[in-house]
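One structure is given here, and the rest of the page talks about it.
Computed from heavy atoms alone, side chains included, the values below leave out hydrogens, waters and symmetry copies.
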Amino acid sequence: ALPSAPDEASAAPADEAARGYETIFAGIVHREADWQEIGAFVRRYLQAFSAQDATLCAIAASGDLDANALGERIRRACEKLGVSDAAAADVIVSDETDLADWLAGLPSGAPLAIGDAPELAGYAHPSQQSPSALRRAYASGDAR
């Protein structure tokens, strides 16, 4: 789902919870500099996982860039990687003002943090970074 309007975003996590995600990656983009690291991770995520995997990459747009701009960047990344919409692993991008509520509303408990947003301090970061290492860690249950 790319991107969602603010009122749709608040309903999305409940719908997504039914999917039964085993691993959730969460990032917050306050400014362009935040996107550099998160965008690089999203490209690795799209290479590592597919629509059949129980993974979710949730990104909150909370500043200079809105969900539409980030969603378009992710669409372009999918095109460059040759990943179709039907085959792509789940990614949700939403405009958020209350980041604590957004984090609390993510399905499956505590996410793995991508990026260095202060709101994600205290959350674990994925230990593996390459697409193949992410995939192996997910398959073995070590991604968390």
Side-chain angles (χ1 to χ4, degrees), residues 1-30 33-63 65-96 98-144:
L2 289 177
S4 62
D7 9 344
E8 293 172 12
S10 59
D15 297 338
E16 300 301 330
R19 169 86 195 264
Y21 292 112
E22 294 176 16
T23 305
I24 297 176
F25 302 95
I28 299 171
V29 178
H30 291 291
D34 297 334
W35 176 248
Q36 298 309 311
E37 182 177 355
I38 293 171
F41 178 86
V42 168
R43 286 185 292 282
R44 292 189 302 270
Y45 171 83
L46 291 168
Q47 291 173 302
F49 303 109
S50 71
Q52 288 74 38
D53 294 312
T55 61
L56 171 66
C57 183
I59 301 171
S62 181
L65 298 170
D66 65 11
N68 285 326
L70 296 178
E72 185 55 35
R73 290 178 184 193
I74 294 169
R75 280 192 188 98
R76 285 195 310 264
C78 284
E79 287 175 10
K80 287 181 182 177
L81 294 169
V83 176
S84 70
D85 289 347
D90 291 353
V91 178
I92 293 176
V93 181
S94 57
D95 290 308
E96 299 295 336
D98 188 336
L99 295 170
D101 262 1
W102 174 76
L103 278 167
L106 290 175
S108 301
L112 292 167
I114 52 176
D116 293 323
E119 296 85 357
L120 295 172
Y123 287 90
H125 283 73
S127 58
Q128 307 299 324
Q129 291 298 317
S130 73
S132 59
L134 273 173
R135 182 80 186 147
R136 282 191 306 273
Y138 169 77
S140 69
D142 295 336
R144 282 195 164 254

>> If I compare all heavy atoms of Leu106 with all of Ala58, which pair ends up nearest, and what's the gap?
In response: CD2-CB, 3.7 Å
> Nearest 0.5 Å, what's the CG-OG1 distance between Leu112 and Thr55?
Replying inline: 11.0 Å
> Which atom pair, heavy atoms only, marks the closest approach of Pro111 to Leu103?
Replying inline: CG-CD2, 4.1 Å
> Roughly how far, to the nearest 0.5 Å, is the CD atom of Gln52 from the CG atom of Asp90?
Replying inline: 10.0 Å
>> Looking at every non-hydrogen atom in both residues, tell me the closest pair between Ala26 and Trp102 and how far apart they are.
In response: CB-CH2, 3.9 Å
> So, for Ala61 and Ala67, which heavy atoms are closest and what is the spacing to 0.1 Å?
Replying inline: CB-N, 3.6 Å
> Going through the checks in order, is the side chain to side chain contact (heavy atoms under 4.5 Å, CB included) test met by Phe49 and Val91?
Replying inline: CA-CA 11 Å; Phe49 303 109; Val91 178; over 6 Å; no
> Ser62 side chain to Glu96 main-chain N or O, any donor-acceptor pair under 3.5 Å?
Replying inline: yes
> Run the side chain to side chain contact (heavy atoms under 4.5 Å, CB included) check on Ile114 and Tyr45 step by step: do they pass?
Replying inline: CA-CA 11 Å; Ile114 52 176; Tyr45 171 83; over 6 Å; no
> So, Asp95 side chain and Asp66 main chain: donor-acceptor pair closer than 3.5 Å or not?
Replying inline: no
>> Could you report the tightest heavy-atom contact between Ala48 and Asp53, atom names first, then the distance?
In response: O-OD2, 4.4 Å
> For the atom pair CH2 (Trp35) and CD1 (Ile74), what is the distance rounded to the nearest 0.5 Å?
Replying inline: 4.0 Å
>> So, using side chain to side chain donor-acceptor pair (under 3.5 Å) as the criterion, who are the partners of Arg73 when residues are at least two apart?
In response: Glu32
> What residues form a side-chain contact (heavy atoms from CB on, under 4.5 Å) with Asp101, not counting sequence neighbours?
Replying inline: Asp98
>> Show, in sequence, the C-alpha distance, side-chain angles and deciding distance for Phe41 and Ile59, and conclude whether the side chain to side chain contact (heavy atoms under 4.5 Å, CB included) test is met.
In response: CA-CA 11 Å; Phe41 178 86; Ile59 301 171; over 6 Å; no
>> So which atom in Ala113 and which in Pro126 form the shortest heavy-atom distance, rounded to 0.1 Å?
In response: O-CD, 3.2 Å
>> List the residues meeting side-chain contact (heavy atoms from CB on, under 4.5 Å) with Ala117, not counting sequence neighbours, and say none if there are none.
In response: Ile28, His30, Glu119, Leu120
>> Just to verify, what does Ala40 make a side-chain contact (heavy atoms from CB on, under 4.5 Å) with, not counting sequence neighbours?
In response: Arg43, Arg44
> Is any side-chain heavy atom of His125 closer than 4.5 Å to a side-chain heavy atom of Asp116?
Replying inline: yes
